[in-house]
Number of protein chains: 2
Amino acid sequence: MPIDAISRIRRFNRAVTAAVGALDTSFLGRGRPLGAARVLNAIGHGRGDVATLRDYLGLDSGLTSRLLRGLEEEGLVVTLPHPSDARRRVAALTEAGRKEFSAYEALSNGQAADLMARFPRGDDLLRAMDLVATAFGREGIAIEEADPRSDAAVHCLTEYYAELGRRLSTGFDVALSRDPEAADMMRPRGAFLVAVSDGLPVGCVGLKGKGGEVAEIKRLWVCPSARGLGLARRLMEAAEAAARDLGITTLRLDSNSALTEALQLYRRTGWIEIERFNDDPYPDFFFEKRM
Amino acid sequence: MPIDAISRIRRFNRAVTAAVGALDTSFLGRGRPLGAARVLNAIGHGRGDVATLRDYLGLDSGLTSRLLRGLEEEGLVVTLPHPSDARRRVAALTEAGRKEFSAYEALSNGQAADLMARFPRGDDLLRAMDLVATAFGREGIAIEEADPRSDAAVHCLTEYYAELGRRLSTGFDVALSRDPEAADMMRPRGAFLVAVSDGLPVGCVGLKGKGGEVAEIKRLWVCPSARGLGLARRLMEAAEAAARDLGITTLRLDSNSALTEALQLYRRTGWIEIERFNDDPYPDFFFEKRM
DNA sequence: ACACATTGCTGACTTAAGTCAGACATATGC
DNA sequence: GCATATGTCTGACTTAAGTCAGCAATGTGT
């Protein structure tokens with residue numbers, strides 16, 4: 001019985017094929033073949049344009065057409081010509097279609113909830129699933145600008161504060177730190193960037209400006225499941241690009257000696273240590289970078 | 001953008017469906033439909049008995065038969081009557097079949113190796129995959145008797161020693177501890193039990209006897225990815241059952257105060273603390289259970 | 001205005017997978 | 001020894017999925 005990496009991966013494949021297979025056939029639970037269900041769900045998720053649909057699901061033009069006709073006959077979908085190009089067609093859900101779509105969503109959610117309820121170590125499982133999903137799909141991590149008050153940003157910041165609390169010997173209390181105003185981290189003064197892997201926010205960085213030529217980097221965080229992939233570096237590069245775009249010439253940041261991997265990154269990417277420039281109680285390292 | 005458990009699970013499903021789907025179609029890479037390839041692989045993995053095959057792959061009797069005929073026509077498989085029951089049939093690979101089977105194995109291994117090479121955090125990924133696979137298939141954890149020198153047992157023991165080294169403040173050196181003779185943990189004197197989840201050993205326990213009515217429980221270990229599932233308790237129950245079977249009436253064990261969850265388990269399952277009964281340098285807790 | 005490209009659609013076809021009923025040989029219990 | 005159960009096989013059928021060629025409508029460049 002070999003216990004090498006390869007047999008472990010293959011064990012994983014077997015386990016997941018079975019589980020995901022069960023998920024696939026569950027789509028049959030509503031009396032509709034998988035193909036039709038996939039089309040219905042894609043439309044429900046906003047991919048109504050027939051060409052987009054084909055592309056997303058990887059289907060042949062003829063097959064797509066037939067599946068759409070089937071859903072039309074069921075009264076779940078209507079297709080209308082595209083407003084600006086009459087060759088193209090756009091599919092949309094009818095009232096009945098929306099109902100059926102929600103039924104699939106509920107089914108899918110229920111299955112996920114079920115897994116959570118059955119496994120006594122939900123948190124560990126979720127973390128492991130995040131890591132696997134990130135590893136499998138990591139080409140797809142995109143960096144996007146977001147409102148620092150958006151769900152994605154708040155999720156990252158909450159995790160960031162929690163991690164500071166664990167790692168700083170003093171603990172961490174947001175109220176004592178200078179929590180930047182949202183407007184300082186949005187255009188035109190600054191920016192807030194979120195790294196997203198297939199819908200899950202996995203990292204963030206804030207650029208806090210005051211309208212002048214100096215700005216601060218704040219809140220650099222990468223979720224544990226996405227570490228080791230060079231994402232922090234990508235986030236910093238994106239933040240610097242945004243700074244250049246805003247006409248900023250000098251960047252500063254503060255950090256803490258407990259955050260060793262962050263300090264290492266700064267030192268390796270052209271930041272130089274400077275004197276303390278604020279009276280925030282938590283940081284004990286201060287850096288600057290001129291661009 | 002919701003970041004709840006359910007959307008995380010669904011993200012995982014998407015990532016894995018894509019990856020495993022690619023793996024599935026790769027089976028077509030050798031010009032044979034998935035069904036036939038699955039049968040060939042199952043036979044290669046020792047499931048030649050036609051009934052076993054059907055059961056394992058979840059196929060209809062007729063379909064199985066047809067797929068076997070197909071493989072026979074290709075010259076990859078021969079079916080012979082079962083030696084003890086002429087109604088049953090057993091399929092076996094021919095020389096060409098074995099070659100084709102190894103080609104599939106190589107393909108599958110290559111894919112796994114590829115994943116490892118592409119992801120910079122192989123160890124973390126493997127651990128996460130183990131945990132997910134265990135969670136998905138945990139109904140299937142079987143407890144089996146094994147030779148303490150078998151691959152599976154050695155794997156568990158190695159992990160066990162490594163964990164002791166990390167957790168005991170003194171470290172742990174097998175050479176200083178009393179490493180039981182293999183024969184003491186095999187019938188008729190004792191037993192060695194391994195918990196196996198779809199081929200991966202995930203826990204073990206040894207019953208070390210000397211031929212008398214007293215025996216010791218040794219080497220209780222559960223791998224991190226399978227903790228929290230009550231497996232240690234199951235292993236202990238299986239060990240006690242084996243002891244009863246061997247006519248043993250008194251069980252003893254030693255442990256260390258650093259292994260808190262183990263001590264808790266012993267106290268909850270009828271073990272009572274006794275005086276030190278050996279001079280092994282590592283243990284500082286001693287228990288006994290009469291049956 | 002014309003040739004040509006693009007888009008979606010339809011009909012005819014193939015392959016894979018699976019279901020069902022019944023045939024046939026072999027085992028098992030009484 | 002006989003009725004019944006079990007295990008495998010075959011033939012006839014269905015469904016899902018996908019491919020391919022060609023058609024009709026619409027857009028684009030010259």
Side-chain angles (χ1 to χ4, degrees), chain A residues 17-18 20-43 47-74 77-92 104, chain B residues 17-18 21-43 47-74 77-92:
Chain A
T17 317
V20 171
L23 189 137
D24 271 6
T25 46
S26 92
F27 276 69
L28 292 162
R30 294 195 68 76
R32 194 170 291 109
L34 182 60
R38 290 215 308 158
V39 170
L40 185 70
N41 278 283
I43 298 172
R47 270 168 255 256
D49 197 294
V50 174
T52 316
L53 201 59
R54 244 186 354 234
D55 196 49
Y56 177 64
L57 298 175
L59 298 176
D60 171 86
S61 152
L63 183 53
T64 313
S65 193
R66 236 179 298 276
L67 290 170
L68 278 172
R69 283 311 79 69
L71 291 171
E72 262 180 345
E73 269 168 43
E74 278 195 84
V77 158
V78 283
T79 56
L80 305 162
H82 193 279
S84 69
D85 180 347
R87 290 171 308 181
R88 308 188 126 201
R89 310 209 71 193
V90 181
Y104 278 114
Chain B
T17 317
L23 190 137
D24 270 6
T25 46
S26 92
F27 274 63
L28 291 162
R30 294 194 68 77
R32 194 169 291 108
L34 181 61
R38 291 216 304 158
V39 170
L40 185 70
N41 279 283
I43 297 172
R47 270 169 255 256
D49 197 292
V50 175
T52 316
L53 200 60
R54 247 187 351 236
D55 195 48
Y56 177 65
L57 297 175
L59 299 176
D60 172 85
S61 150
L63 183 52
T64 312
S65 190
R66 233 179 299 275
L67 290 170
L68 278 172
R69 283 309 82 68
L71 291 170
E72 261 179 346
E73 268 168 44
E74 277 194 85
V77 158
V78 283
T79 56
L80 304 163
H82 192 280
S84 70
D85 179 346
R87 291 172 308 179
R88 308 187 125 200
R89 310 209 70 192
V90 181

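Naming: A, B, ... by sequence-line order, numbering from 1 per chain.
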What string of B, S and - do you get for nucleotides 5-13 of chain C, 5' to 3', if B is base contact, S is sugar-phosphate-only contact and - is no contact with any protein heavy atom under 4.0 Å? -BSSBBBB-

Output the distance between atom CG (Asn41(A)) and atom OH (Tyr56(A)), rounded to the nearest 0.5 Å. 9.0 Å

Arg47(A) CZ to Asp55(A) CG distance, which is reported to the nearest 0.5 Å: 10.0 Å

Using the side chain to side chain donor-acceptor pair (under 3.5 Å) rule, collect all pairs that involve residues 63-73 of chain A, keeping only residues at least two apart or in two chains. Ser65(A)-Arg69(A), Arg69(A)-Glu72(A), Glu72(A)-Thr79(A)

Rounded to whole Å, how long is the line connecting atom CZ of Arg32(B) with atom P of dA17(C)? 12 Å

Please give, in whole Å, the distance from dA17(C) C1' to Leu71(B) CG? 15 Å

Working to the nearest 0.5 Å, report the span between CG of Leu67(B) and CG of Leu40(B). 11.0 Å

Chi angles and distances behind the side-chain contact (heavy atoms from CB on, under 4.5 Å) call for Val39(A), Val77(A): CA-CA 10 Å; Val39(A) 170; Val77(A) 158; over 6 Å; no

